[in-house]
Amino acid sequence: MSPSLKIHWLHSSSSFSVHHCLNLMKMISVAATAPNQMATRTHFHSSENPPINLFENCTSMDQLKQMHAQTIKAGFTSHPTVLNKVISNCCAHEFGDMNYALQVFDIIPEPSIFIWNTMIKGYSRIHCPHCGISMYSAMQRMSVKPDCYTFPFLLKGFTGDIALVWGKGFHAHAFKYGLDSNVYVHNALVHMYSLCGQIDMARGVFDMICEKDVATWNAMISGYNKTKKFDESWKLFNDMQKKGVFPSSVTLVSVLSACSKLKDLDAGKQVHNYVKECLIEPNLVLENALIDMYVACGQMNVALEIFEDMKIRDVISWTTIIKGFCNSGKVDLARNYFDEMPERDYISWTAIIDGYVRVNRFKEVLELFRDMQGSNIKPDEYTMVSILTACAHLGALELGEWIKTYIDKNKIKNDTFVRNAVIDMYFKCGNVEKALTVFNEMLQRDKFTWTAVIVGLAINGHGKEALDMFSKMLISAIAPDKITYLGVLCACTHSGMVDEGRKLFSSMITQHGVDPTVAHYGCIVDLLGRAGHLKEAYEVIQNMPMKPNSVVWGTLLGACRMHKDAELAEVAAKQMLDLEPQNSAVYVLLCNIYAACKKWGSFRKVRQMMMDRGIKKTPGCSLIEVNGVVHEFVAGDGSHPQSEKIYSKLDEMIKELKSAGYAPDTSEVFLDIGEESKERAVYRHSEKLAIAFGLLSSGPGVTIRVIKNLRICVDCHNMAKLVSKVYDREVIVRDGTRFHHFRHGSCSCREYW
DNA sequence: GTAGGGTTAG
C-alpha cells in the first residue's frame, strides 16, 4: 500500500479478541433448549459425517438453532463444516440473525477466508457497514488476506457517507493485494465511487478496466444516473453498443430511466425499438421503466397500452400510471386507477395525494390522508410535505401542528424539505413566531428555506424583517432566484417601501443576474400603484420588455380602485377584457370603482355587460378550522349543521359591535339594490359567518383564524377590527393576497391592502 | 460452497 493512503481502522466493536468460554456455554444452552420438533426424527452419531444437508431447507432461526443443537448433541460442536453452515445461514437469509452468527464465529479459532467473507456479506445484507469494516479490520489483525470476494461483499453494504470516508482506503487495499485486475472488484469500486457522488473517480476506474463485462457498463451508467448526469448515461449506452457489448435488460432499464429524466422521447423510443428488435423478453421491471419513460414524455396513451398488455403488474406499474394522470392534471382518472389497484404502498398513496395537491383540492388531500392512516400505511417525509402544503393552503393550523408532532413521534425523516414545508405552513396559517422558531433551529437552510421566510414575513406584514432576512440570505451566500425576488418585492409592496422596492428591482438584474419576469413587473406596478403613483405604474406597463398579462393590468385596476381613478381604470379594464373576456374580477373591480366614484350610469352598463355575457362573480368563500376540521362558508350560507346558531350569534355580534361604534360600510357592495338590502348583504359575507362560528365554538382568548379566497371587503375589515377589541380576541384573516392580524381594534396591514 | 448491475415520489 502506498504510504499516502494509510487507513485508520475502526476499533473492533465486538468480541473478536477473545474466544469466550462463557459465550460458548451460553450459546450451546440456547441452542439446546430451542423448540425441538426434529429430535424424534433425527439421531446422529459422532462417528458419522455431520448432517449438513439438513441446513439446506432451513426457514427460521428457531429451526436453525434446533439443527445446531442436534449437531452439538451428536458431538460436532466445533466441526468446521457445521459452523460454516450455521454462519452462512445466519448471513444469507432474510431470517438470519447476525448476533448468533457472531457468537458462532467467535468460537472458531482460525476462521477461513470463506467465513470472513460470509460474515462481511451478512453485515452488508443487514445494512451495517461499520460492522463489515470492523470484520475487515479484525481480519487484518489476524493477518488474513482478503480475496476477490471480500471487497464486493464489503462495498455492497456501504452508504454514500461511508463510501466517502472509507472508499479510497479500500481501493488502495484492493490494489495492495493485487485484486485490482478482478472484474468483480472493479465493478464494486465503480459502484462505490458513484454511490458517494465521486463520479470522476468511478469513471477513472471504469476507463482503467481492460476486461469490461456488461455489469461494468451497467454500474457506470447507473452511476451517471445517480449523479443526475443523464446525458452521460445516454452517451455511455451508445459507446457500449459501438464496442459491441450486448446490453442486458438491466442496462435498458437504466437507460430508460435516463431518457425519462431527460424527457427525451426520441431516445426513449430508440430503446423501446431495441427491445422489440432484439426480442428481449420484457420483464416486469423493464415494462415499468418503459411506462415511466412514456409517462415522463407525456405519452400517456402509449404508457397505457403497455400497461394494459402487461401480464403481471406490480405496485410500481400502477403508481407510475397514477403519477402520469396526476402530472397531466387528470386527478379523477388517476383516482380511478388508485381505487382499482390491488394493493397500495406509501408511494402510491403519496402519488395520489400529491395529485390532489397539484390541482388545489386540499380538502380531499386531508380526506385521503385520513384514509391512508385508516389502512395502516405509514406515510414518509414526501407524504408529510404534501399534507403540510394542504394545511398551509387551508390555514389548518391545528392539523399542521399535529403533523409536526406526528413526524417527531414516528421518527419520519425531518429533512430540509419537511422543515421548509413546516415553515410555510406556519406562515400561511399566520403564526409568524412559530415559523421563525423552526427557521432558527434549522442547521441546514437552502434557497427554499430563505424564500419561504421572506415571502412569509412579507405576506404577514413584516416588510422590514423580510428585507433583513434577504440581507442575511445574501450574507450566507445563498443565491436568490426569481421567487425570492417576488417575496422581496412583495415585502416592499405590503409595507409601502417604494424606494427600497425600486432599488431592489434594479439590483436584481445588475447584481444577481435574475431576469425579471412579467410577475416581477406586476410587483412593481403593485408597489407604485398602491402607493398612489398611478401614472408611474402605467408607464412601467407601457415600457416593460414583454407583453403585459391580465394580472399586471388587474393590479393596475386594483390600484385605480384604491385611489378612485375611474379614467385609468377604464384603460386597464379594456386591456384586461381583451385578454380575458370571461374574468369576472375585472367587471367586479370596475363596478366597485364606478360605485366609489358614484358613476352610476357606467356602473349599470358594466352590470348589463356581465348579464349579457353570462359572467358570474366568483363567490367569496371562507375557511375556518375548529378541532382539526376545516369548515367552509360562502356568503349567505345555510348549509352548515349549526347554521341557525351561527346566524343568531352573528345578529348578537352585530348588535354588540354597533354599540361599540360599528357602522356598516356598503361602499363595496356590487349589487344595485337599496341601502337596507346592501347592509343585509354585507352581514352575510362568508368571513363574518366564519368569525361568528369561531366565536361560537372556541373558548375565550383563542385566536380566530380565517382563510378567505378573495380580498376581504372594507366592511368585514372594519368589523374584524372591532371584534378583536370588543371580544378581546386575536383575529387573523388571510385573504387572496396577504394576512390581516387584528389585535386590540387595529390591523397589521395599517389599512393598506 | 461465496460475486457485480435496475424501476416508482418533491
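Computed from a prediction, not measured in an experiment: that's the story for all the values here.
- Side-chain proximity of A:Asn283 to the nucleotides B:dG10, B:dT7, B:dG6 is greatest for B:dG6.
- Panel note: side chain A:Asp161, backbone A:Leu164; no donor-acceptor pair is recorded below 3.5 Å.
- As a whole-Å value, the separation of A:Lys413 NZ from B:dG10 P is 15 Å.
- Here the nucleotide nearest the side chain of A:Lys323, chosen from B:dT7, B:dG6, B:dA9, is B:dA9.
- The side chain of A:Val250 has B:dG5 as its nearest neighbour among B:dG10, B:dG5, B:dA3.
- Comparing B:dG6, B:dG10, B:dT2 by their closest approach to the side chain of A:Glu381 singles out B:dG10.
- Note on A:Lys226: every side-chain N or O is 4.0 Å or more away from OP1 and OP2 of B:dG5.
- Spacing between atom CH2 of A:Trp116 and atom P of B:dG1 amounts to 24 Å, rounded to whole angstrom units.
- Ring centers of A:Trp116 and A:Phe105: under 6.0 Å apart, within the cut-off.
- No contact: A:Ser317 has no heavy atom under 4.0 Å from any strand.
- Counting non-hydrogen atoms under 4.0 angstrom, A:Lys212 reaches nothing in the nucleic acid.
- Of the candidates B:dA9, B:dT2, B:dG6, B:dG6 carries the atom nearest the A:Ser222 side chain, counting heavy atoms from C-beta on.
- Nearest to the side chain of A:Tyr184, among B:dT2, B:dG10, B:dA3, sits B:dA3.
- Contact between the side-chain N/O atoms of A:Lys156 and the OP1/OP2 oxygens of B:dA3 is not found at any separation under 4.0 Å.
- Whole-Å rounding puts the A:Asn187 CG to B:dG5 P distance at 9 Å.
- Among B:dG1, B:dA3, B:dG6, the nucleotide with an atom closest to any side-chain atom of A:Val253 is B:dG6.
- Here the two rings, on A:Tyr136 and A:Phe170, have centers that are under 6.0 Å apart.
- At whole-Å resolution of the value, CD1 in A:Ile306 and P in B:dT8 are 15 Å apart.
- A distance of 11.0 Å separates CD1 in A:Ile306 from OG1 in A:Thr320, rounded to the nearest 0.5 Å.
- In this structure, A:Ser254 does not reach the B:dG6 phosphate: none of its side-chain N or O atoms is under 4.0 Å from OP1 or OP2.
- Whole-Å rounding puts the A:Leu290 CG to B:dG6 C1' distance at 13 Å.
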**Asked** Can you check ring-ring contact (aromatic ring centres under 6.0 Å, His included) on A:Phe307 and A:Trp318, steps first, answer last?
**Response** CA-CA 8 Å; A:Phe307 178 81; A:Trp318 286 90; 5.1 Å; yes
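- A:Leu189 has its CG atom 13 Å from the P atom of B:dG5, to the nearest Å.
- The CG-C1' distance, from A:Leu284 to B:dT7, rounds to 9 Å in whole Å.
- Comparing atom distances between the A:Tyr149 side chain and each of B:dG5, B:dT7, B:dT2 picks out B:dT2 as nearest.
- Using a 4.0 Å heavy-atom criterion, one finds that A:Asp314 contacts no nucleic acid atom at all.
- When the P atom of B:dT2 is taken as reference, atom CG of A:Asn182 falls 15 Å away, rounded to whole Å.
- The side chain of A:Cys148 approaches B:dA3 more closely than any other nucleotide in the set B:dT7, B:dA3, B:dG5.
- A:Asn84 comes within 4.0 angstrom of a nucleotide base, judged by non-hydrogen atoms across all strands.
- A:Thr216 contributes no side-chain N or O that forms a donor-acceptor pair with the base of B:dG5 under 3.5 Å.
- In this structure, A:Phe153 does not count as stacked on the base of B:dA3 under the 5.5 Å centre distance and 30° plane angle limits.
- By the 4.5 Å heavy-atom criterion applied to side chains, A:Thr449 and A:Phe417 are not counted as neighbours.
- A centroid separation of less than 6.0 Å is found between the aromatic rings of A:Tyr193 and A:His171.
- Distances were taken from every side-chain heavy atom of A:Tyr382 (C-beta onward) to each of B:dG5, B:dT7, B:dA9; the shortest belongs to B:dA9.
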